[in-house]
Structure formats: C-alpha cells, structure tokens
Participant: 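Let me begin by handing over the structure; questions about it come next.
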Number of protein chains: 2
Amino acid sequence: MDINKQTQPAKIFIELILETFRFNGLLISVGDGLTKELGLTSSLWQVLGAIRETPIPMAQIARNMGLSRQGVRRSTNILIDKGLVQFKENPDHKRARLIVPTEEGRKVLAQLEKIQVDWSNSVSKEFSENQLKNVIHTMRFLSEKLYLL
Amino acid sequence: MDINKQTQPAKIFIELILETFRFNGLLISVGDGLTKELGLTSSLWQVLGAIRETPIPMAQIARNMGLSRQGVRRSTNILIDKGLVQFKENPDHKRARLIVPTEEGRKVLAQLEKIQVDWSNSVSKEFSENQLKNVIHTMRFLSEKLYLL
DNA sequence: AACAATATGACAATTAGTTGTCAATAAAAT
DNA sequence: ATTTTATTGACAACTAATTGTCATATTGTT
C-alpha cells in the first residue's frame with residue numbers, strides 16, 4: 001500500500017497551524033507588554049475582559065475563552081487578591097457564583113479598553129473588515145472540523 | 001477630548017484575537033490527542049518537527065517556531081532523555097550545537113508525519129488553497145504590524 | 001420521586017514554562 | 001587588531017498551567 005499523499009490544502013493547513021502558534025505567541029507577548037503597566041498578564045485580562053458586559057461563573061468563562069476551568073480559577077483567585085473582581089451569589093446556581101468586577105476592576109477595565117481601542121485601531125488600520133472576517137470565519141470553520149474528528 | 005472611537009475593523013480585529021486564542025488552544029489539545037500514543041506533547045513535536053529537514057541549534061528552533069529559547073531547551077532535554085534527538089557539533093558555531101534526530105527519533109518523525117498527513121488531509125478537505133493562504137497571509141501581515149508598534 | 005449523568009468549583013500534586021543571571025562564543029563596529 | 005555588541009546555551013529560582021480527585025449542586029431520565 002502506498003503512503004497517503006498529502007494534498008496541497010493539507011500542506012497549507014499545516015503551515016497555517018505553525019503560523020497560528022507564532023501569531024498566538026506574538027499576541028500574548030504584545031498584549032502582556034501593553035498591559036504590563038496595569039499589572040495584568042494575558043491570562044488575567046482574558047478573564048477580566050470576559051465579564052466586562054455580563055458577570056458569569058468561572059466555568060463559563062473557560063468555555064467562552066477556550067481556557068481550562070482550573071486556569072480560570074487560578075486567574076480569578078489572582079484577580080480577587082488584586083481586588084479587581086469578586087464573587088456574587090448566583091440565583092440560578094448555588095455553586096457557580098458569578099464573577100463580577102469590583103469598582104477598582106471597572107476602572108482597570110476602562111483603562112484596558114482605552115489601550116485596546118488605540119492599539120486595535122492602529123494595528124487594523126490597513127485591513128478591511130472583510131479580510132479580517134474571513135480569517136475568523138475560516139478559523140471557526142476549521143475549529144468545527146477539529147471538534148468532529 | 002473625546003474618547004477615541006474604535007473603528008469597525010478594530011472591533012473585528014479584537015474578535016480575531018480571541019478567536020486565535022481559542023483556535024490555538026484547540027489545535028494544541030487536538031494535537032496532543034493525536035500524538036499521545038507517541039508519547040509526545042505539542043511542545044515536543046514542535047521541536048522535533050523543526051529539525052525534520054535540517055538540523056539547527058536550539059535558538060534557531062525557538063525563533064522559527066515562535067517559542068522561547070528556554071522552552072526549547074527544556075523540550076530538547078526531554079527529547080534527549082527519550083532518546084529521540086541528540087547534539088551534533090556545529091562546524092559553524094562552537095557553542096550552538098545542532099539538534100539532530102536519532103534513528104529512533106526519525107522513526108517517531110515518520111509516524112508523526114503519517115498521522116499528520118491523514119489528519120491534515122481530512123481536516124482541510126473542504127477548504128480551498130486560497131482560503132487557507134489568505135489566513136496565513138493576513139496573520140503574517142498583522143504580525144508585521146505588531147512588531148512595528 | 002428516585003436515580004443517573006453532568007457541571008461546577010475546590011484542593012493537592014505534578015508538570016510546564018518563564019525570568020534573570022552568567023560565561024562562552026561569534027559578529028559587528030571602530 | 002581591538003573593542004563592543006549580539007547570540008547562544010546553561011543553571012537556578014520562580015511562576016503558570018495541568019491533572020487527578022473529590023464533594024456539591026444541577027439537569028436529565030425513568
């Protein structure tokens with residue numbers, strides 16, 4: 001039996017994976033740089049950002065952001081120590097308390113947003129909406145395929 | 001002065017970042033699943049894969065793959081313990097020895113490649129070459145912008 | 001209503017990865 | 001040629017993240 005031959009799209013897909021790793025790493029390091037002054041790391045602002053609009057429990061943050069439940073728990077503990085978030089009883093679930101930003105947390109979120117807006121504006125300046133949307137769409141589509149396998 | 005308003009591409013760019021985090025996490029977990037039987041984790045096969053064609057020193061692996069030098073060192077040590085790679089004197093650089101696969105390492109690389117070919121073929125089946133290339137291109141373009149800032 | 005299956009968060013132990021520092025080597029500048 | 005700057009890899013200390021297990025709460029089944 002012959003060795004299966006790798007199709008052309010498959011080769012490019014592998015390239016895409018490696019590029020994703022690099023891009024992801026770059027985003028994290030740039031993100032860390034941007035928010036260093038706020039005393040936040042990527043894992044922290046990912047969690048803080050996740051409850052910007054609606055307070056949700058840890059497990060849901062994990063699901064939304066593609067993080068592990070335990071990782072979110074850890075980050076949440078740190079954010080609590082920093083006084084940026086707190087627990088709030090969840091009427092719908094006795095165990096799964098909501099994570100909500102404190103007053104201080106809201107201030108940091110506002111600063112975060114300011115930084116993010118300036119930065120994202122300047123980075124995305126030369127890109128069209130469609131170009132970026134296409135990337136997101138393809139990633140999501142690929143993700144679906146990955147889940148199925 | 002008004003708060004800077006976030007442009008539409010900027011908003012989508014932020015979405016793209018979050019999607020990248022999720023996609024990256026998914027790739028790692030799927031990759032770990034695929035290569036579990038070989039006793040390799042993502043960080044390990046990233047390093048092993050990097051020297052598939054040409055043996056290079058640790059620092060170069062790190063640069064190519066967007067990993068930290070120290071992380072690569074760690075992975076390399078593990079791969080050496082597992083007997084999959086070894087050092088080889090580098091005529092061009094006394095300090096920076098080349099990392100080369102052992103006989104056993106080459107076997108694992110072959111298995112890895114087999115798995116990778118089957119998997120990438122099946123995932124990328126419904127994607128056009130161009131669609132994937134566009135994603136890579138956009139990521140690289142974004143990366144350039146990120147470096148400049 | 002009773003039971004089974006799933007989701008959630010806590011904790012401990014382990015593994016993975018980073019940071020800071022150092023000495024050796026190589027490359028670049030003068 | 002000499003000096004300065006970069007790169008490279010090693011090591012140790014530290015921080016981050018994962019894994020496995022457990023008790024509790026919720027949801028789904030019968």
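Quantities reported herein were computed from a predicted structural model and do not represent experimental measurements. Chain identifiers are assigned alphabetically (A, B, ...) following the order of the sequence lines, protein sequences preceding nucleic acid strands; residue numbering begins at 1 within each chain.
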Participant: Counting heavy atoms from C-beta on, name the nucleotide in C:dA10, C:dT8, D:dA10 closest to the side chain of B:Met58.
Facilitator: D:dA10
Participant: Partner of D:dA6 by Watson-Crick or G-U wobble geometry, both contacts under 3.5 Å, or none?
Facilitator: none
Participant: Is D:dA6 syn or anti, taking syn as a glycosidic angle within 90° of 0?
Facilitator: syn
Participant: Base, sugar-phosphate, or nothing for B:Ser43, non-hydrogen atoms under 4.0 angstrom?
Facilitator: sugar-phosphate
Participant: From CD of B:Gln70 over to P of D:dA16, roughly how many Å is that when rounded to an integer?
Facilitator: 16 Å
Participant: Rounding to a whole Å, what distance do you find between B:Leu44:CG and D:dT18:P?
Facilitator: 15 Å
Participant: Just how far, in rounded Å, is C1' of D:dT18 from NZ of B:Lys36?
Facilitator: 15 Å
Participant: Write down the distance between CD (B:Gln60) and P (C:dA26), rounded to a whole number of angstrom.
Facilitator: 15 Å
Participant: Nearest heavy atom decides the nucleotide; on that basis, is A:His93 or B:Arg63 closer to the 5' end of DNA chain D?
Facilitator: B:Arg63
Participant: Indicate the atoms forming the closest heavy-atom contact of A:Ser124 with B:Pro9, along with that distance.
Facilitator: OG-C, 3.7 Å
Participant: How do A:Ala96 and A:Asp32 order along DNA chain C: which one's closest nucleotide is nearer the 5' end?
Facilitator: A:Ala96
Participant: I need the CD1-P distance between B:Ile56 and D:dT7, as an integer number of Å.
Facilitator: 16 Å
Participant: B:Asn90 CG to D:dT7 P: how many Å, rounded?
Facilitator: 17 Å
Participant: Is the base of C:dT25 touched by the side chain of B:Arg95 through a donor-acceptor pair closer than 3.5 angstrom?
Facilitator: no
Participant: Looking at D:dG9, does its base get a donor-acceptor pair with the side chain of B:Arg69 below 3.5 Å?
Facilitator: yes
Participant: Starting from C1' on D:dA12, measure out to CZ on B:Arg73 and report it in whole angstrom.
Facilitator: 10 Å
Participant: Under a 3.5 Å cutoff, is there a donor and acceptor pairing between the side chains of B:Thr138 and A:Gln131?
Facilitator: yes
Participant: Specify the separation, in whole Å, of atom CG of A:Leu67 and atom C1' of D:dA16.
Facilitator: 13 Å
Participant: B:Thr41 and B:Asp32: side-chain donor and acceptor closer than 3.5 Å?
Facilitator: no
Participant: So that I can tick it off, tell me whether B:Lys133 and B:Glu129 are bridged by a salt bridge, with the cut-off set at under 4.0 angstrom between side-chain N and carboxylate O.
Facilitator: yes
Participant: Return the nucleotide paired to C:dT25: Watson-Crick means purine N1 to pyrimidine N3 with N6-O4 or O6-N4, wobble means G-U with N1-O2 and O6-N3, both under 3.5 Å.
Facilitator: none
Participant: Mark yes or no for a side-chain to base donor-acceptor pair under 3.5 Å between B:Arg74 and D:dA10, with no hydrogen or angle criteria applied.
Facilitator: no
Participant: Ion pair present between B:Asp118 and B:Lys114, side-chain N to carboxylate O less than 4.0 angstrom?
Facilitator: yes
Participant: If the cut-off is 4.0 Å, is B:Ser68 near the phosphate of C:dG17, judged by side-chain N/O to OP1 or OP2?
Facilitator: no
Participant: Return no unless some side-chain N or O of B:Arg97 is found under 4.0 Å from OP1 or OP2 of C:dT25.
Facilitator: no
